[in-house]
Amino acid sequence: MGRSWPAIIIAVLIGLIGLVLTVGGAYLAVLGGSIYYLIAGIAMLASAWFLFRGRLLGGWIYCALFVLSAIWGLAEARGNAWAMVPWLIAPFVLLIAVALVMPTLTSDRNRWKWAGGGIAGALVTVIAIFGLLAGGGSPSLALPAQMSPGMTDPSGLATGGDWPTYGGTYANWRYSPLTQISPDNVGKLQKAWETHTGGTPTSAAFRKLYGTENTPLKVGNLLYMCTAKNVVVALDAATGKTAWRFDPKVPDAWIPYTTACRGVAYYQVPGEAAGTPCASRIIEGTLDSRLIALDAATGAPCAEFNGTGQQDTKIGMGQVYPGLASINSAPSIVRGIVVVGHQILDGQYRGAPSGVIQGFDAKTGKLAWAWDMVHPDWTGYPPAGQTWARGTPNMWTGSAGDEKLGLVYVPLGNVADDYISTGRTPQENAYSSSIVAIDVTTGKPRWSFQAVKKDVWDYDFGSPPSLIDYKGTAALIVPSKQGDLYILDRATGRALTPIGSIAAPQGGIEPSERAPRQIVSLWQTLRKPPLVESDMWGMSPIDQMLCRIQFKRADYRGEFTPPNVGRNSVEYPGYNGGSDWGGVSIDPVRGILIANYNDTPNLVRLLPRAEADKMGIKPRFASKEISSKSHSVDPQWGVPYAIDVNAGWRMPFTKLMCKRPPYGGIRAIDIATGQTLWDRPLGTARRNGPFNLPTMLPLTIGTPNNGGAVTTASGLIFIAAATDDLIRAIDLKSGKTVWSAPLPAGGQATPIVYQQDGREYLAIFAGGHHFMETPAGDSVIAYALPRR
């Protein structure tokens, strides 16, 4: 027979791939990694040589390599179907091409039949392998047999007809006692109304920072929410029609990392009659750090509040550059005190504004107290000529409040230079990455609980804690970014569930600063086992190999591996959690905790100041460029090193993460025992894929997620959060999705459940998020069962 040009073309392609795998595989082997890629590369070079020469042996070599790849992949998959993608999909596509050119190398009259049979057999094998692995899943355990007598909500508020605070109540249960929508009829849910709120950034420079994260409130006949630019909007709860709007006119320059306005607060002034102006009011914190008080009925500013309807919370902070201090979470109001923290923009400047916690009178707007950890004796504004201590740990997320004890539970983040601990004050070391219980009468700490010593991983307490009853004790459940769940005595901070410690990796650029041991929860954790080389992933053997090379070159010795200079280190879990600002949902009757979580690493590296200066890395106030990407370099001015963070550890070309899926999940936990009832990946591949192209595949992959869940008495969990732009209902008993609906934008927010005129509604603000790379929008959508 003559030369087969199709075989020659395929031979060249296989040869090029084989060359890359051989060179990369040899390097990986030298690093102590898997020898598969070297073997595969040599085999592909041999296959290419014989195919180029017109020999059938070249095709048979590739077929044998495909079988070897399937066996090797199965051995490393550990039951994970998605782990088989680089081992089977791209090699199978190439196998089809090889099978189609092999008949051109022989005159056998059955050559096309056995080529087709070979392809069919390989396809059946691929499907069988994926089906076998995907058929596993985590089993569902029986729900607690005995219903609890019901937890006590110390906030004095309740959900049901209304949803009066960001977390439902200040206990942060995110629970509704409504039962009209049930597992039996949830499939009939339909859109009742949709309203566009507007309020997006006006300048092109800041549109890339868009992300609302908003959870509406519902009180009486109205829903209250804020847009990305802090425009407060009141909607009719039954129709979605706008009742009023108020625009505080926040300048774009004050937008920090994102335009998040997670929510507003509602306050009823004690003793004032209904109908009196500002007897009930909406209180909002803005991106330029103002507190705004509005009449809940009309949206008019409450003049009684500081004489103007607004209060500047930056007084006493000294110089505050636009964007470096903002309020993006709904304040808590306990015993008439509005408790406020600020998002102090991470990684910009050691001398950033203070993380001071403030309490303002909800009626008058006047400062009641301030807690500055470095100046604990100051009770009000700083003495003349002084400012609150700069760059201290801050509260950027939501808090929880106990009206009975008069305590507010404040989750603190890290100091302004997250990844360097040298030079921190004793107070900063004592309170960073801690929960602090503050007496709302005095503004003084009652107790504190620290989860990370000398944090250099950005392991803030990012989740609002929840108030529960635990075995007869008033307790606080605290989720952490590491994935640990702690239960503490609300009055004393004493741990009520077991806590242990692990040996922490030492070294880094400041070895004397590293704690030899770090605490971990022995009760329940969302953390997964430490990463190993076989956890590395890709859409083909080539990018999987490149990720393995990065893994072997990086410093990774388990959790708390410190960042370093000149070499990447792996931070796992990354700073997006574990748990993040969405928090957890509590079923107070069944005694079940619902936690959605992330399972992604970061790849980080410290950059010497000279190197950062050459790259033009400057703080926000000295640069016109503001990074909104997952791979960014923060300047950390004031310390010797900037920080380069590849969040999610993604490959620059394919945009895929180096770790195998799933990247996020949702878990049900029996609070009484700490036992996992079920654990499921959360999110499909519908809007996700290589090169940031949506695959539209309805396959459950488990995506990164931001936003929380809501649980109902009927046994349903409602959640969006994932990057597939779906809102879904999950059966509390099994963890299986029983209903879903597409959203017009990303659902990085927590939904609410309420009732109006006898009809139960599910509502969500679909605003999208730049960090999660979901579409931006301004839709508030309510779902309900069809009217009878």
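A243 and L222 get closest at one heavy-atom pair: CB-CD2, 3.8 Å. In terms of heavy atoms, L189 sits closest to A784 at CD2-C, 3.5 Å. When every heavy atom of L287 is checked against every heavy atom of T259, the shortest pair comes out as CD1-CA, 4.1 Å. Of all non-hydrogen atoms in I357 and G341, the two that sit nearest each other are CD1-CA, 4.3 Å. In plain terms, the two heavy atoms of F765 and V780 that are nearest each other are CD1-CG2, 3.7 Å. Among all heavy-atom pairs drawn from W369 and V440, the shortest one is NE1-O, 2.8 Å.
The backbone N or O of A237 lies less than 3.5 Å from a partner atom in the side chain of Y754, making a donor-acceptor pair. Remark: the backbone N or O of I344 is not paired with any side-chain donor or acceptor of H342 at under 3.5 angstrom. For T397 (side chain) and G462 (main-chain N/O), a donor-acceptor pair under 3.5 Å exists by modelled atom type. Between the D361 side chain and the A368 main chain, no donor and acceptor come within less than 3.5 Å of each other. Proximity of a side-chain donor or acceptor of E760 to a complementary backbone N or O of I181 within less than 3.5 Å is detected. Put simply, the side chain of W163 gets close to the backbone of T165: a donor and an acceptor are under 3.5 Å apart. With hydrogens and angles ignored, the 3.5 Å screen pairs a side-chain donor or acceptor of K218 with a backbone N or O of G161. Of the possible donor and acceptor atoms, none in the side chain of T215 sits under 3.5 Å from a partner among the backbone N and O of G263. A donor-acceptor pair is defined here as one N or O able to donate and one able to accept, closer than 3.5 Å; such a pair exists between the side chain of T169 and the backbone of A171. Of the possible polar contacts, none joining the R759 side chain to the Q180 backbone as a donor-acceptor pair under 3.5 Å is found.
Side-chain contact check for N230 and E284: at least one donor-acceptor pair (N or O, by modelled atom type) lies under 3.5 Å. Side-chain contact of T197 with T227: a donor-acceptor pair under 3.5 Å is absent, judged by distance alone.
Within a 6.0 Å sphere centred on NZ of K188, heavy atoms belonging to other residues, nucleotides or ligands number 12 at most. Under a cut-off of 6.0 angstrom, the local environment of CG in D247 is crowded, with over 12 non-hydrogen atoms contributed by other residues, nucleotides or ligands.
Side-chain atoms of F771 and Q748, non-hydrogen and from C-beta on, never get closer than 4.5 Å to each other. At a threshold of 4.5 Å between non-hydrogen side-chain atoms, the residues P164 and L217 do not count as touching. In this structure the side chain of P775 reaches within 4.5 angstrom of the side chain of D725, judged on heavy atoms. Between S448 and V436 the shortest side-chain heavy-atom distance falls below 4.5 Å. At least one side-chain heavy atom of V231 sits under 4.5 Å from a side-chain heavy atom of R245.
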**Request:** Decide yes or no on side-chain contact (heavy atoms from CB on, under 4.5 Å) for V589 and Y175, but give the supporting numbers first.
**Result:** CA-CA 10 Å; V589 179; Y175 171 81; 3.8 Å; yes

**Message:** Checking R390 against S354 for the side-chain contact (heavy atoms from CB on, under 4.5 Å) test, could you report, in this order, the C-alpha distance in whole Å, the side-chain angles of both residues, the deciding distance, and whether it holds?
**Reply:** CA-CA 4 Å; R390 299 186 69 87; S354 178; 5.6 Å; no

**Request:** Please assess N705 against I719 for the test side-chain contact (heavy atoms from CB on, under 4.5 Å), listing each intermediate value before the final yes or no.
**Result:** CA-CA 10 Å; N705 57 90; I719 188 169; 5.7 Å; no

**Message:** I'd like to know whether Q268 forms a side-chain contact (heavy atoms from CB on, under 4.5 Å) with V219, so could you lay out the CA-CA distance, the side-chain angles of the two residues, the decisive distance to 0.1 Å, and finally the verdict.
**Reply:** CA-CA 11 Å; Q268 180 70 47; V219 182; over 6 Å; no

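A search for side chain to side chain contact (heavy atoms under 4.5 Å, CB included) contacts involving R290 returns P248, V250, T286, D288, I292, Q310, not counting sequence neighbours. The side-chain hydrogen bond (donor to acceptor under 3.5 Å, both in side chains) check on T712 picks up S714, with sequence neighbours excluded. Applying the side-chain hydrogen bond (donor to acceptor under 3.5 Å, both in side chains) criterion to S326, with sequence neighbours excluded, gives Q343. By the side-chain hydrogen bond (donor to acceptor under 3.5 Å, both in side chains) test, D372 is found to be paired with H375, residues two or more places apart in sequence or in another chain being considered. Not a single ring-ring contact (aromatic ring centres under 6.0 Å, His included) links Y266 to another residue, sequence neighbours left out. With sequence neighbours left out, the side chain to side chain contact (heavy atoms under 4.5 Å, CB included) criterion links A238 to D236, Q756, D757, Y761. A search for side-chain hydrogen bond (donor to acceptor under 3.5 Å, both in side chains) contacts involving S433 returns D455, not counting sequence neighbours. Applying the side chain to side chain contact (heavy atoms under 4.5 Å, CB included) criterion to D460, with sequence neighbours excluded, gives W396, N414, D418, D458, K481. For S463, the side chain to side chain contact (heavy atoms under 4.5 Å, CB included) partners at least two apart in sequence or on another chain are P479, S579.
Within the structure, every pair that satisfies the side chain to side chain donor-acceptor pair (under 3.5 Å) test and touches residues 298-309, not counting sequence neighbours, is listed here: R281-E304, N306-Q311, N306-K366. Note on residues 352-387: no pairs pass disulfide (SG to SG under 2.5 Å), not counting sequence neighbours. Among residue pairs with one or both ends in residues 279-318, none qualify as ring pair (Phe, Tyr, Trp, His ring centres under 6.0 Å); sequence neighbours excluded.
Ring geometry, Y409 versus W447: the interplanar angle falls from 30° to 60°, so the pair is classed tilted. Ring pair W739/F718 is perpendicular by interplanar angle, where above 60° counts as perpendicular and below 30° as parallel. Using cut-offs of 30° and 60° for the angle between ring planes, the Y486 and F461 rings count as perpendicular.
Results of the side chain to side chain contact (heavy atoms under 4.5 Å, CB included) test with T195 over D778, V233, L235, I781 single out L235 as the only residue that passes. Remark: of the listed residues R335, R490, R446, R490 is the sole one forming a salt bridge (Lys or Arg N to Asp or Glu O under 4.0 Å) with D402.
Here the CH2 atom belonging to W581 is positioned 5.5 Å from the OH atom belonging to Y166, to the nearest 0.5 angstrom. The distance from atom CD1 of I764 to atom CG of L743, rounded to the nearest 0.5 Å, is 5.5 Å. Atom-to-atom distance recorded for I255:CD1 and Y210:OH is 10.5 Å, nearest 0.5 angstrom. If you take OG on S466 and CZ on R174, they are separated by 5.5 Å, rounding to the nearest 0.5 Å. Separation of atoms OH (Y257) and CG (L345) is listed at 10.0 Å; rounding is to 0.5 Å. Put simply, SG on C226 and CG on N214 are 4.5 Å apart, with the number rounded to the nearest 0.5 Å.
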